[in-house]
Amino acid sequence: MTAVDERPAESAEIGKARRRKEDQRLITGRTKWTDNIVLPGMLHLAMVRSPFAHAKVTSIDTEAAKGATNVVAVYTAADFPDGMGACANAWPITPEQVTPDHLPMVTEHVACAGEIVAVVVARSAAAARDAAELVDVDYEELPAVLDAKEALKDEVLAHPDKGTNKSAFWRLDSAEAGTGGSVDEAIAKAREDGIVIEREYRQQRLVPAFMEPRSTVVDPTGEQVTMWTSTQVPHILRFLIAATTGMPESKIRVIAPDVGGGFGGKLQTTPEEFITLAVARKLGKPAKYTETRSESLLSAHHGRDQYQMLTLAATKDGTVTGLKVDLLANLGAYVAIVGGGVPVLGAWMFHAIYKFPAYQFNCQTVLTNTTWVDAYRGAGRPEATFAIERLMDELAAEVGVDPLEIREKNWIKHEEFPFVSVSGMTYDSGNYEAATARAKELFGYDELRAEQKQRRQSGDPVQLGIGVSTFTEMCGLAPSRVLGQLSYGAGGWESAAIRMLPTGKVEVITGTSPHGQGHETAWSQIVADRLGVPFDDVEVLHGDTAIAYKGLDTYGSRSLVVGGEAVVRAADKVIEKAKPFAAHLLEASVDDLEFKDGRYAVKGTDKGVGITEVALATFASHNYPDHLEPGIDADATYDPVDFSFPHGTHLCAMEVDTETGASTIRKYVCVDDIGQVINPLIVEGQVHGGLVQGIAQALWEEAVYDDNGTLVTGSFVDYTLPTTADTINFVTDNTTSLATTNTLGTKGVGEAGTIASTPAVVNAIVDAVRDRGIHDIQMPCTPARVWAALQSAGSAEVAQAQPHFHEEAANNADPGTTGEGSGS
Amino acid sequence: MTRITVTVDGAKYSDDVEPRTLLVHYLRETLGKVGTVVGCDTSNCGACTVHLDGRSVKSCNVLAVQVDGHEVTTIEGLATEAGLHPMQESFHEHHALQCGYCTPGMIMQAIDVLNTHPDPTEEQIRLGLEGNLCRCTGYHNIVKAVAAAAKAPGAAAVSSSKVGD
Amino acid sequence: MIPSSFEYVAPTSVEDALAALAEAGDEGKVLAGGQSLLPVLRMRLNAPEKVIDLGRVEGLRGIREDGDTIVIGAMTTHDEVANSELVKEHAALLAKATAEVADPQIRHRGTLGGAIVHADPAGDLGAPVLALDAEMVIAGPGGERTVAAKDFFTDLFETAVGDGELLTAIRIPKHTGWGAHYEKFVRVAHQWSIVGVAATVKADGGTISEAKIGLTNMGSTPLRAASVEAALAGKSASDVADACSSAADGTNPPSDLNGDADYRRHLATVLTSRAVAAAAAG
């Protein structure tokens, strides 16, 4: 494969594995986490939370708590007659969406366990916790609805006053949209003379589980109220505080100091933030709230939790002809900030890299008495990718060919880019052939297939399976006009500013809000190249609304492709702005100047002046053109023209111990095409971390409620994050097809690993045991589940386990029995 | 209140503490050693790992009163004026951290791994770090950093002052 | 989270510790290594009025030989047990199982006595101690008494250590030259055992002469797989699967997120077979 684009002209910094600027403070413990902040007279909060999933609060007695030593106040919602703001839903997916009010503190109706009914304010966190136990709350327990399918029946209501659990229904149909044919016709035709694959997959509920528990400190003293908070979204939070409390936006300063991971879990505006703000303002004293891990697992938002009903139509030879998706998404107790929108993001992704001529996506969202669900790394795209990549393996088994062969038959060829997908998205660039070829080579695909065959023949108790995931995703949220069409409550632009300091140093202000991604390093590399200044002379400022006054923060793999482009444009403006000053200093015409490597040179001469010298000269302002104001700083706001479409090929080999059901990762190779790489070290790190989160969904993690709505996996004892001892070294590489929608040719990488890896792992496990008649194992594929599947393999139960939405369907034969080509 | 005297990062401190005070809270709130952090309440995550008399412990799982008369080293006690500890250098060099929240505990435990296994296999590193959770890195680069640090002189020493120049 | 307030005493002798325990009565809680107790206190699942720390009691820590017996002080840490040459030579099963407990940090603090008295059925040390026919030395107001391991574990989190008593030492008959293996089954490394099998085997020239097997998390207490032990006697070390097929007989394992009771029963037979084979191999 030679069709991979060449990298752009050589540059000093872009593409270099710079060690991170952020590290020094993090490896020495000189970090500013929110919980490290201590202010004079600061009070500490403890929340009193409902143990019940669904209840009516009949009385709250705070007297004993109020009387406890070192307790300053105990508040309930009644103490804030004007309210304390609200947790907003920024993306109503339909005008009719049922959206229960989500107030920070319960007034009467508890809709999920962990909701806050009172807050204790004390001189120490320990005193606050002690007194919280003295708050006596009487509840009248109500029946709870927990599961999305149950909710759909509308028998038990999560919010009885709403009259239904159904929040919204959203459809994208290629025939209606004019982007493709009729999916029903495609399926009907396939039932006659083709292949129909019908499956139901479950996206279990997950917890983002960032390592730093959320923490908020509010200082109400002085003219402005300052909030330090462990958030991904300081700008959005500031806006929503103003919008829901009535405080003037100009009186609020939000600071995201060092933030210990987010993965979507910190893009919420939370009850805890609003309550800390309200308490601090009411008492006029600084206040801090830091959650425990148990509180975090229960009350920070959850992710995924969908049922996917899927119908894929194909011709006998495995050419795909249609895909119909019926999604049922559990939103939890409230429609979170983008909670309704996350499943809808899958609408443009289920067809993935394949040329489906007909497509339909239906999404029903429902409310339940569980923790609200919102973005978790990948948000909508991992679910879609899992479904389609699992289905393509099933199709391969049905046709009797290698899973890579069925993909190649159906994917977009590299010469077909730009390609308009069946959902109407324009994929700008890509080369699936190149990434796949490289991945196969690194993986030793043929050798592992041979080993698989050998183990199967010898009846080895440890079977080998190979899983494929040739993914793409859409990220770089997002073109504002598209968001407008989707009724999203904000734009998708990003902002940057560059200040040229007189000493030659450069300050870059970005509206993105990193929490582990290394923007300080990557943005420095971009600016160093652009302005021709040393990497070490660039300082990146972020995460403080008083400094980075404009921004839309960090999520959806947007920071580089949107925020980075804003930085590029701000730098280019600086260069243009400084040019007349340089011409003036050089006594030359602007037209005779060229800018290269940080210098304005007069063409054809050795005369020139450095951009940092221009910065000093404009600072002194002793000698500059009359018609200009003395300054070369610039800012830029960039609204992306389109989404970003990274892609890649992931190959996973799993060993399945058929005696115990235990699965272990033997080898994992991924080759991602993310366009231009700014810093390969950071990219590799993002991929590694993403992989393990995706693998963890496949193997280890699930948030489980008992029948009463109590979160059983309420601590790290039961919510089983993987460790060093559970994971392996990964083989990663890149191919490069430059993005055509931004200057540097970059694509997003933050979520790619998570999106791609989950189906690769499950495909591998299923592949290991497919010859025994197994074609699905529900995630997480625990040893107990794998063993249970092996026990029931071949029995009638297995055939029943596969859903058949239409009993008369032509392909009710067990697909597992027809997968002869799948390495057997 | 109980009077305790503790040596932390080479300095001797004496304080009255409530018996229920966890070592990590004593370090953070009384001594201002906020480099050591809390990540969970069940001793699973290891973010709070420090050395107690030279061996790694989870400081959320030790009472401050239990360390009366003992010696504690935290992440803040590793680097000296002469520079970073080799393990800190190696984490930086190999991009073994992203958000950095698990990093103090991870580095302290990594040093303990090298104390136990001066020339560790990958398996010994992976088992040695099994009590420290990281959500960002996928562990790949952490394991790499520890392996590389094992080749550096003085990586098992708890104080870089002991490192041969 | 922060524990509820409690009083703290750190006695320096067993006598003082017993006196403190007597004084505290029902409101007292003994702190050994604290690696299970402190999370319980932090989660406020228990709120004792008085915590009696054994960390400064003389003579409770250390490992020594006493004729045919290895004596391990109750406050000896897991790390010390796992790395003790005496234990490795004469009670290899305990050394191997102890090396599997939790993680290194916890092994640096946690103690054998603490773990045994905590008696979590998913804890890894009850099974090897039971398999090795250990004796527990218990000090009380009336002096010292010794309880066999088989009588020691009475129920979920319950042992023969009565109110006002302390476990001071664990006496293990030497099993010099016995092969040993602890097979621990978990989903992620830092988890409690889903099932664990502690096997120690005396083999001569490829034939098993005697086998002792303890099971972790197959009931409310650690259990011996007695029928397997009987079936293994005289068997070839290379063919143990049949003999191990009754490993789950008489067990009553829990059902939870990690698997139901049937799955655990199945695991017990597979893991016993593996543990015995590994033990016989060394």
Side-chain angles (χ1 to χ4, degrees), chain A residues 17 19-20 22-33 35-36 38 124-126 208-213 258-263 290 292-294 296 515-518 681-682 684-693 695 715-717 721-730 732 753, chain B residues 18 20-21 25 28-29 32-47 74-79 84-85 87-89 91-104 107 122-123 125-144:
Chain A
R19 277 30 180 191
R20 296 199 319 169
E22 291 86 343
D23 291 354
Q24 184 69 24
R25 65 183 189 271
L26 297 166
I27 58 179
T28 54
R30 290 188 296 103
T31 336
K32 199 161 214 122
W33 310 112
D35 190 50
N36 293 358
V38 177
S124 71
F210 35 76
M211 287 313 299
E212 180 210 13
D258 283 315
V259 174
F263 318 110
T290 300
T292 65
R293 178 57 62 182
S294 312
S296 189
H515 38 283
Q517 293 88 345
L681 204 65
I682 291 176
E684 207 179 62
Q686 285 290 317
V687 171
H688 292 155
L691 289 178
V692 169
Q693 286 188 14
I695 293 168
S715 79
F716 278 160
V717 174
L721 298 185
T723 72
T724 37
D726 305 300
T727 49
I728 63 163
N729 289 323
F730 303 103
T732 61
Chain B
E18 270 196 275
R20 62 165 158 169
T21 308
H25 290 138
R28 288 178 57 80
E29 290 161 18
K33 297 258 177 194
V34 292
T36 302
V37 297
V38 182
C40 74
D41 35 25
T42 49
S43 78
N44 287 83
C45 84
T74 77
I75 187 72
E76 296 181 45
L78 290 184
L84 294 173
H85 186 280
M87 191 63 77
Q88 292 171 313
E89 285 281 12
F91 268 59
H92 174 57
E93 179 62 24
H94 296 280
H95 187 35
L97 62 149
Q98 290 179 32
C99 85
Y101 197 77
C102 75
T103 307
I107 287 176
E122 184 191 324
E123 193 191 4
I125 295 171
R126 287 188 175 275
L127 288 174
L129 297 176
E130 70 180 347
N132 292 70
L133 298 175
C134 169
R135 193 61 158 165
C136 293
T137 64
Y139 303 110
H140 180 115
N141 284 346
I142 290 175
V143 173
K144 205 161 131 186

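Just so we're clear, the structure is a prediction, and the values are computed from it rather than from any experiment. A, B, ... follow the sequence lines: proteins, then strands. Residue 1 opens every chain. These values consider heavy atoms only, across backbone and side chains, with no hydrogens, waters or symmetry-generated copies.
- Looking at B/Cys136 and A/Phe263, their side chains come closer than 4.5 Å, going by heavy atoms from C-beta outward.
- Counting heavy atoms from C-beta outward, B/Arg126 and A/Asn729 have side chains that approach closer than 4.5 Å.
- In B/Glu122, the CD atom is crowded: over 12 heavy atoms of neighbouring residues, nucleotides or ligands sit closer than 6.0 Å.
- Under a 3.5 Å cut-off, the side chain of B/Asp41 and the backbone N or O of A/Ser294 do form a donor-acceptor pair.
- At a 4.5 Å heavy-atom cutoff, the contact between A/Val259 and chain B is made by backbone atoms alone.
- Using a 4.5 Å cut-off between heavy atoms, A/Ala125 makes no contact with chain B at all.
- When atom types are taken as modelled, the side chain of B/His140 and the backbone of A/Phe730 share a donor-acceptor pair closer than 3.5 angstrom.
- Per-residue heavy-atom pair counts under 4.5 Å with chain B were compared for A/Gly518, A/Gly261, A/Gly260, A/Gly685, and the maximum is reached by A/Gly685.
- With a 4.5 Å cut-off on side-chain heavy atoms, B/His92 and A/Leu26 do not count as touching.
- Side chain of A/Arg20 to main chain of B/His95: no donor-acceptor pair is present (N/O by atom type, distance under 3.5 Å, no hydrogens or angles).
- Counting heavy-atom pairs closer than 4.5 Å to chain B, the top-ranked of the candidates A/Ile728, A/Thr292, A/Asp258 is A/Ile728.
- The SG atom of B/Cys99 sits 11.0 Å away from atom CZ of A/Phe210, with the distance rounded to the nearest 0.5 Å.
- Going from atom CG of A/Asn36 over to atom NZ of B/Lys33 covers 13.5 Å, rounded to the nearest 0.5 Å.
- Although no hydrogens or angles enter the test, the distance criterion places no donor-acceptor pair under 3.5 Å between the side chain of B/Arg135 and the main chain of A/Leu721.
- A/Glu684 touches chain B through its side chain: at least one heavy atom from C-beta onward sits under 4.5 Å away, while N, CA, C and O do not.
- Under the 3.5 Å distance criterion, the side-chain polar atoms of B/Tyr139 are matched with a main-chain donor or acceptor of A/Pro722.
- Looking at A/Thr724, its side chain does come within 3.5 Å of a backbone N or O of B/Leu129 through a donor-acceptor pair.
- For the set A/Thr290, A/Val717, A/Ile695, A/Asp726, the entry with the most heavy-atom pairs within less than 4.5 Å of chain B is A/Val717.
- Between B/Leu133 and A/Thr723, the closest side-chain pair of non-hydrogen atoms falls below 4.5 Å.
- Residue contact with chain B, scored on non-hydrogen atoms closer than 4.5 Å, involves the backbone and the side chain of A/Gln686 alike.
- Between A/Ile27 and the options B/Glu89, B/Met87, B/Gln88, a side chain to side chain contact (heavy atoms under 4.5 Å, CB included) holds for only B/Gln88.
- Residues satisfying the salt bridge (charged side-chain N to carboxylate O under 4.0 Å, His left out) test with A/Arg293, not counting sequence neighbours, are none.
- In this structure, B/Asn132 CG and A/Met211 CE are separated by 9.0 Å, a value rounded to the nearest 0.5 Å.
- Of the two parts of A/Leu681, the backbone and the side chain both hold a non-hydrogen atom closer than 4.5 Å to a non-hydrogen atom of chain B.
- B/Glu18 contributes atom CD, which lies 7.5 Å from atom OG of A/Ser124 (distance to the nearest 0.5 angstrom).
- Contact detail for A/Pro213 and B/Gly39: the closest heavy-atom pair is CG-O, 4.1 Å.
- In this structure, the side chains of B/Arg28 and A/Asp35 come closer than 4.5 Å at one or more pairs of heavy atoms.
- The choice from B/Glu76, B/Glu29, B/His25 that makes the most heavy-atom pairs within less than 4.5 Å of chain A is B/Glu76.
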